[in-house]
J.: 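Sharing a structure, written as structure tokens. Questions coming.
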Amino acid sequence: MKRILLSAAVTALLVAPLACNFDQLLAEKVMVGTLLSTPDVDVSLVAMSGLDAGTLPDGGIPPGEERITIPGQTEAFVFFATRDGEQGTPEPLSDATVRIEIQNGGSLALEKQGEDTGMYSLKSDYGDDAGVKYVNGATYNFVAVHGGNSHVGQVKDAPALERIEALHPAGGYVRHAANQSLTLRRPTESGGKPLTLGFVTVVPLDMEGRKGAITYTNMPKEPLDFLQLVTATGEWQQEILSIPGTAFPQKDSNYLVIFQTAQLGGPQSDNLFTGSTLLVGTADIGLVHTLE
């Protein structure tokens, strides 16, 4: 399946009238990189119990009301490989030195994840200035140094948080029937520009604030799956977001709905394949409580 996805992406790039560098089209090295941020979220224990938390002020939960804080994080990830693998399957390169360069913000080295995986990552608490930092409007360079050569991908103009109003009702949470689909609408005031890429993930949340296993996501799951974003961005630029009922399987339960808005980037240096895919984004988060 991975090989089919890669071949489809390459074929589309060859026939599409893209203003791509010919050297990049022939480059052997390919990169998939993401830098995604989720903020800290304060959740009312009253809301988590399914009771009426009342109308919340713009500042969030009123002082004195019991709450828990679900810590956010910012995580950088890079998959680096050569396209000169067997049967056209990219071969991971695990002997590179990988870093993220933030415009006017220095750089951070990513750590290798296992042997022969080609994966590098680094995560930090949201708002940790010493760690991976997310800055609206910034330019991010993804740099992999291999064989003495630097391979650079770039994402410009990191997007601001895109607030989904339906996730923030006056009562502090969304009351919703279990096993029923949920439809959300993205704001459309974009100045005539296409919507940024938008991904939805749903995770259950227990009364202690611990996250469970993901019940739904439309974000690509494997590194090579991200390559289809280059030629099929429209699938993730829809104004209407439809979450299936299977995302909310249990009655009287809590779920976090995470809407990640992301800017798409690509290769900057000539020695990086034109189909390389880079994403930088931040998230809006809402609480859904399913009814008994």
J.: Can you tell me how the ring of Y134 sits relative to the ring of Y140, calling it parallel under 30°, perpendicular over 60° and tilted otherwise?
T.: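 Correct class here is parallel.
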J.: Do you know the tightest heavy-atom contact between P249 and T215?
T.: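 Result for this residue pair: CD-CG2, 4.3 Å.
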J.: Determine whether the side chains of T69 and D42 contain a donor N or O and an acceptor N or O closer than 3.5 Å.
T.: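 Per modelled atom types, T69 and D42 side chains form a pair under 3.5 Å.
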J.: Counting C-beta onward and ignoring hydrogens, is there a side-chain heavy-atom pair between V257 and I243 closer than 4.5 Å?
T.: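 Yes; the side chains approach each other to less than 4.5 Å.
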J.: Between Q24 and S269, which heavy-atom pair has the shortest distance, and what is it?
T.: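 Of all heavy-atom pairs spanning Q24 and S269, the closest is NE2-O, 3.2 Å.
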J.: Do the non-hydrogen side-chain atoms of E162 and D284 ever get within less than 4.5 Å of each other?
T.: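 No, their side chains stay 4.5 Å or more apart.
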J.: With heavy-atom distances below 4.5 Å as the criterion, would you say the side chains of F80 and P92 are in contact?
T.: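 Side chain of F80 against side chain of P92, heavy atoms only: no contact under 4.5 Å found.
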J.: Using distance alone, with no hydrogens and no angle criterion, decide if E91 and T82 have a side-chain donor and acceptor under 3.5 Å apart.
T.: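 Looking only at side-chain atoms, T82 and E91 do not form any donor-acceptor pair under 3.5 Å.
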J.: Hydrophobic cluster membership, with links at side-chain heavy-atom distances under 4.5 Å among I/L/V/M/F/W/Y: are L167 and V41 in one?
T.: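 Unlinked, L167 and V41 end up in two clusters.
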J.: Looking at S253, is its backbone amide N or carbonyl O close enough to the side chain of T290 to form a donor-acceptor pair, meaning the two atoms are under 3.5 Å apart?
T.: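 Checking the backbone N and O of S253 against the side chain of T290, a donor-acceptor pair under 3.5 Å is found.
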J.: Return the CZ to CD distance between R186 and Q238, rounded to the nearest 0.5 Å.
T.: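 Rounded to the nearest 0.5 Å, the CZ-CD separation comes out at 9.0 Å.
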J.: Hey, could you give me the CD/CG distance between Q73 and D40, rounded to the nearest 0.5 Å?
T.: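 Interatomic distance, Q73 CD to D40 CG, rounded to 0.5 Å: 10.5 Å.
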J.: Using modelled atom types and a 3.5 Å cut-off, is there a donor and acceptor pairing between side-chain atoms of N271 and backbone atoms of S150?
T.: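 Yes, because the side chain of N271 sits within donor-acceptor range (under 3.5 Å) of the backbone of S150.
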J.: OG/S121 to NZ/K112 distance, rounded to the nearest 0.5 angstrom?
T.: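 These two atoms lie 12.5 Å from each other.
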J.: Is it true that F77 and F199 fall in one hydrophobic cluster, defined by side-chain heavy atoms closer than 4.5 Å?
T.: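 Per the 4.5 Å side-chain linkage, F77 and F199 are co-clustered.
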J.: Please report the shortest heavy-atom distance between G114 and S94, naming the atom on each side.
T.: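 For G114 and S94, the tightest heavy-atom pair comes out as O-OG, 4.4 Å.
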J.: Report the residue from L108, L35, V78, V98 that forms a side-chain contact (heavy atoms from CB on, under 4.5 Å) with L122.
T.: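 Checked L108, L35, V78, V98 against L122; only one passes side-chain contact (heavy atoms from CB on, under 4.5 Å): L108.
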J.: Taking atom types as modelled, find out whether T261 and R163 have a side-chain donor-acceptor pair closer than 3.5 angstrom.
T.: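 No, R163 and T261 have no side-chain donor paired with an acceptor closer than 3.5 Å.
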J.: Does a side-chain heavy-atom distance below 4.5 Å link H151 with V143?
T.: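 A side-chain contact under 4.5 Å is absent here.
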J.: Would a single hydrophobic cluster contain both M207 and I70, if residues Ile, Leu, Val, Met, Phe, Trp and Tyr are joined by side-chain heavy-atom contacts under 4.5 Å?
T.: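 The answer is yes; both residues are in one hydrophobic cluster.
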J.: Any donor-acceptor pair under 3.5 Å linking the side chain of Y120 with the backbone of A96?
T.: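 Judged by distance alone, yes, a pair lies under 3.5 Å.
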J.: State whether the side chain of E101 and the backbone N or O of R99 hold a donor-acceptor pair below 3.5 Å, judged by distance alone.
T.: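 No; judged by distance alone, with no hydrogens or angles, the pair does not exist.
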J.: Taking side chain as C-beta onward, heavy atoms only, is L291 less than 4.5 Å from K251?
T.: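 No, side chains not in contact.
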J.: Can you tell me if S107 uses its side chain to pair, donor with acceptor, with the backbone of I100 under 3.5 Å?
T.: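 Pair absent, no side-chain N/O of S107 close to backbone of I100.
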J.: Is a side-chain N or O of H168 found less than 3.5 angstrom from the main chain of G172, in a donor-acceptor match?
T.: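 Not at all, since once roles are kept as given, no pair shorter than 3.5 Å links the two residues.
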J.: So do R83 and K29 actually touch side chain to side chain, heavy atoms under 4.5 Å?
T.: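 The answer is no; the side chains never approach within 4.5 Å.
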J.: Before giving the answer on side-chain contact (heavy atoms from CB on, under 4.5 Å), spell out for V132 and E75 the whole-Å C-alpha distance, their side-chain angles and the decisive distance to 0.1 Å.
T.: CA-CA 7 Å; V132 186; E75 182 172 9; over 6 Å; no
J.: Mind telling me whether H289 and Y173 have parallel, tilted or perpendicular rings, with 30° and 60° as the class edges?
T.: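 Answer is perpendicular, since the angle exceeds 60°.
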J.: Can you name the nearest heavy-atom pair linking A27 to D270, along with the distance?
T.: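 In terms of heavy atoms, the two residues are closest at CB-O, 3.9 Å.
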J.: Kindly work out whether a path of hydrophobic side-chain contacts (I/L/V/M/F/W/Y, heavy atoms less than 4.5 Å apart) joins W236 to L279.
T.: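 The answer is yes; both residues are in one hydrophobic cluster.
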J.: What distance separates L278 CG from L264 CG, expressed to the nearest 0.5 Å?
T.: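 Spacing of CG (L278) from CG (L264) equals 8.0 Å.
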J.: Could you check whether any side-chain heavy atom of T246 comes within less than 4.5 Å of a side-chain heavy atom of Y216, counting everything from C-beta outward?
T.: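 In short, these two side chains do not touch, never coming nearer than 4.5 Å.
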J.: Give a yes or no answer on whether the side chain of S181 reaches the backbone of G245 with a donor-acceptor pair at less than 3.5 Å.
T.: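 A pair under 3.5 Å: no.
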J.: Just how far is it from atom CD1 of I68 to atom CG of D206, taken to the nearest 0.5 Å?
T.: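 Taking CD1 in I68 and CG in D206, the distance rounds to 7.5 Å.
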J.: Check for a donor-acceptor pair, side chain of T201 on one end and backbone N or O of T217 on the other, with a separation under 3.5 Å.
T.: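 Not confirmed, T201 side chain does not pair with T217 backbone.
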J.: Looking at K123, I want to see if its NZ is surrounded by more than 12 non-hydrogen atoms of other residues, nucleotides or ligands under 6.0 Å.
T.: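 Not more than 12 within 6.0 Å, no.
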J.: Do you reckon V174 sits in the same ILVMFWY cluster as I164, going by side-chain contacts under 4.5 Å, direct or chained?
T.: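 In one cluster: yes.
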J.: Find the distance between CZ (R175) and CG (L287) and round it off to the nearest 0.5 Å.
T.: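 So the CZ of R175 and the CG of L287 are separated by 12.0 Å.
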J.: With no hydrogens and no angle check, just 3.5 Å: does a side-chain donor-acceptor pair link N141 and Q154?
T.: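 Note: N141 and Q154 side chains meet the donor-acceptor criterion.
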J.: Of all heavy-atom pairs between G275 and T277, which one has the smallest distance, and what is that distance?
T.: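 The answer is O-OG1, 3.2 Å.
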J.: Quick one: does L241's side chain get under 4.5 Å of F259's, heavy atoms only?
T.: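 Yes, their side chains come closer than 4.5 Å.
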J.: Does Q260 use its side chain to pair, donor to acceptor, with the backbone of S37 at less than 3.5 Å?
T.: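 Yes, the answer is positive, given that a donor and an acceptor are paired below the 3.5 Å cut-off.
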J.: Do side-chain atoms of S124 reach the backbone of G131 as a donor and acceptor pair under 3.5 angstrom?
T.: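 Pair absent, no side-chain N/O of S124 close to backbone of G131.
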